[in-house]
2 protein chains.
Amino acid sequence: MKPRKPNSRDKILAAAADVAREAGPGNLSLDAVANRAGISKGGLLYNFPSKAKLMQALVEQHLRDFDNALEEVHSADGRKNLLSAYIRLSVEECQETEASASWIFSAIAEDPEFLTPLKTFKRKLFERLKAKTPDLKALLVTYLAIEGLRSMTLFEFHTLEDEERQLLIDSLLSLAGADSNIAR
Amino acid sequence: MKPRKPNSRDKILAAAADVAREAGPGNLSLDAVANRAGISKGGLLYNFPSKAKLMQALVEQHLRDFDNALEEVHSADGRKNLLSAYIRLSVEECQETEASASWIFSAIAEDPEFLTPLKTFKRKLFERLKAKTPDLKALLVTYLAIEGLRSMTLFEFHTLEDEERQLLIDSLLSLAGADSNIAR
DNA sequence: TTGACAATACCGTCCAGACGGTACAGTAGA
DNA sequence: TCTACTGTACCGTCTGGACGGTATTGTCAA
């Protein structure tokens with residue numbers, strides 16, 4: 001659709017995420033982002049005419065990326081089990097230290113409305129999962145547990161040990177009916 | 001210990017939570033809190049010599065309240081099943097619209113370090129649960145699911161319908177304590 | 001009993017700094 | 001020439017917090 005922007009926008013978005021992670025979500029200022037991206041503040045405001053637009057773009061890019069990644073993982077194992085693909089992708093995402101989407105906190109502080117696209121995205125994804133998962137109870141429990149894992153990563157609660165974490169993931173995958181093997 | 005402070009402090013704390021909820025976590029300013037509490041900014045800074053102290057107190061009070069409530073619920077049913085008490089309390093907490101601890105976002109924006117007490121509290125509570133719950137897998141899954149529920153409440157993702165929510169809760173409680181059934 | 005002092009609990013004002021955003025002149029590459 | 005910036009200067013607003021003042025209550029010696 002759009003003719004592949006010259007990566008200035010992407011550089012800025014990445015810089016914003018970096019600043020939020022490293023300087024804290026409360027210190028995501030335009031100056032800081034511009035510095036981090038290696039461009040001037042004027043240049044930043046040329047690409048994103050307001051801070052609000054920047055935040056919006058951050059959310060949208062995140063959603064696009066996640067959606068693409070999900071499609072990829074799902075296709076890679078023959079479009080058999082969407083829930084298990086969702087779980088595996090989410091777990092993977094939670095392990096990348098570089099991810100740490102703490103820019104979300106900046107967005108909320110700026111204006112909670114920025115999360116609206118995220119909400120509808122989540123709701124739609126859940127509907128999709130519901131349509132494709134026979135066991136509603138298992139879906140509910142695993143979906144919420146993944147949401148919990150995401151939350152704990154975001155807040156950097158290090159409540160679980162590595163083994164506990166692994167045991168959890170195994171349990172979730174088996175609840176999701178991975179490998180055509182349905183437990184209990 | 002302390003001779004029951006004249007509830008100015010409590011009033012301020014409550015006001016802070018209100019402001020965060022109503023004006024958004026990014027607009028939790030000392031002026032706003034003072035206005036809301038019906039005292040002057042000077043008075044506020046007398047009770048909490050800095051914004052940081054206010055945030056800290058907010059976190060500490062939350063932890064104290066949760067701990068007391070847990071103790072109460074746990075005692076009320078004969079100290080039989082800590083996990084199930086934890087689940088019931090958390091679910092209840094998530095239903096109170098008045099709760100909506102969005103002041104947490106303000107605290108994070110201010111300085112992520114404010115969550116340190118919360119982290120250690122959670123870790124300790126989890127250890128306690130682990131010691132008292134025979135089925136580790138069930139504990140992991142239910143604990144994480146509750147964490148997910150909390151997260152969804154906090155972010156106001158309304159992904160689940162009421163029935164789905166109820167089904168989830170029933171599943172979690174049955175996973176937690178196979179013995180007694182739930183009346184609700 | 002009273003007067004002196006002090007601690008408590010606040011009020012109201014002021015200020016320096018940070019931040020978002022504007023304006024605009026200049027410039028290097030396609 | 002147009003696009004995509006850079007760089008600088010600047011403005012208005014908001015915010016934390018320092019500070020000086022004040023009203024009320026308590027304490028205690030004379």
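Convention: sequence-line order gives letters A, B, ...; per-chain numbering from 1.
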For A/Glu22, look at atom CD and say whether over 12 heavy atoms of other residues, nucleotides or ligands are found less than 6.0 Å away. yes
Partner set under salt bridge (charged side-chain N to carboxylate O under 4.0 Å, His left out) for A/Lys130, not counting sequence neighbours: B/Glu164
For B/Glu96, all residues meeting salt bridge (charged side-chain N to carboxylate O under 4.0 Å, His left out), sequence neighbours excluded: none
Would you mind reading off the distance between A/Asn35 atom CG and C/dA18 atom P, rounded to a whole angstrom? 14 Å
Return the polar atom pairs (N/O with N/O) between nucleotides 27-30 of chain C and the protein under 3.5 Å, or none.
none

Could you pull out all residues at least two apart from A/Asp31 that satisfy salt bridge (charged side-chain N to carboxylate O under 4.0 Å, His left out)? A/Lys41
Which distance, rounded to the nearest 0.5 Å, do you find between the CG of B/Leu54 and the CD1 of B/Ile12? 7.0 Å
Can you tell me how far C1' of D/dT3 sits from CZ of A/Arg9, to the nearest Å? 16 Å
Examine D/dC5: is either OP1 or OP2 under 4.0 Å from a nitrogen or oxygen in the side chain of A/Asn47? Give yes or no. yes
Quickly work out the B/Leu45 CG to D/dC19 P distance and round it to whole Å. 12 Å
Looking at residues at least two apart in the chain, or sitting in another chain, which of them share a ring pair (Phe, Tyr, Trp, His ring centres under 6.0 Å) with A/Phe155? A/Phe105, A/Phe157
Pairwise distance NZ(A/Lys132) to CG(A/Leu82) - rounded to 0.5 angstrom: 6.0 Å
For DNA chain D, what residues of residues 25-33 of chain B have any heavy atom nearer than 4.0 Å? B/Leu28, B/Ser29, B/Leu30
Can you sort out the partners of B/Glu113 under side chain to side chain donor-acceptor pair (under 3.5 Å), two or more places apart, ordered by chain and number? none
Any residue of residues 48-60 of chain B with a heavy atom less than 4.0 Å from an atom of DNA chain D: B/Ser50, B/Lys51
By ring pair (Phe, Tyr, Trp, His ring centres under 6.0 Å), which residues pair with B/Phe126, not counting sequence neighbours? B/Tyr143
Please determine if B/Asp67 and B/Arg64 form a salt bridge, counting it only when a charged side-chain N lies under 4.0 Å from a carboxylate O. no
Scan residues 100-115 of chain A against DNA chain D and write down, sorted by residue number, each residue with any heavy atom closer than 4.0 Å; if none is found, say none. none
Salt-bridge present (A/Arg165, A/Asp162; N to O < 4.0 Å): no
Every protein N/O within reach of nucleotides 7-10 of chain D N/O, cut-off under 3.5 Å:
none

Is the shortest side-chain N/O distance from B/Tyr46 to OP1 or OP2 of C/dC10 below 4.0 Å? no
With rounding to the nearest 0.5 angstrom, report the NZ to CG distance, A/Lys137 to B/Leu168. 10.5 Å
Between A/Asp77 and A/Ser84, what is the shortest heavy-atom contact and its length? OD2-OG, 4.4 Å
Tell me the interatomic distance from A/Lys11, atom NZ, to D/dA4, atom C1', rounded to whole angstroms. 12 Å
Side chain to side chain contact (heavy atoms under 4.5 Å, CB included) against A/His62, all qualifying residues, sequence neighbours excluded: A/Glu93, A/Trp103
Using atom types as modelled and distance alone, determine if a side-chain donor or acceptor of B/Ser90 lies under 3.5 Å from a backbone N or O of B/Tyr86. yes
Could you check whether atom CD of B/Gln95 has more than 12 heavy atoms from other residues, nucleotides or ligands sitting under 6.0 Å from it? yes
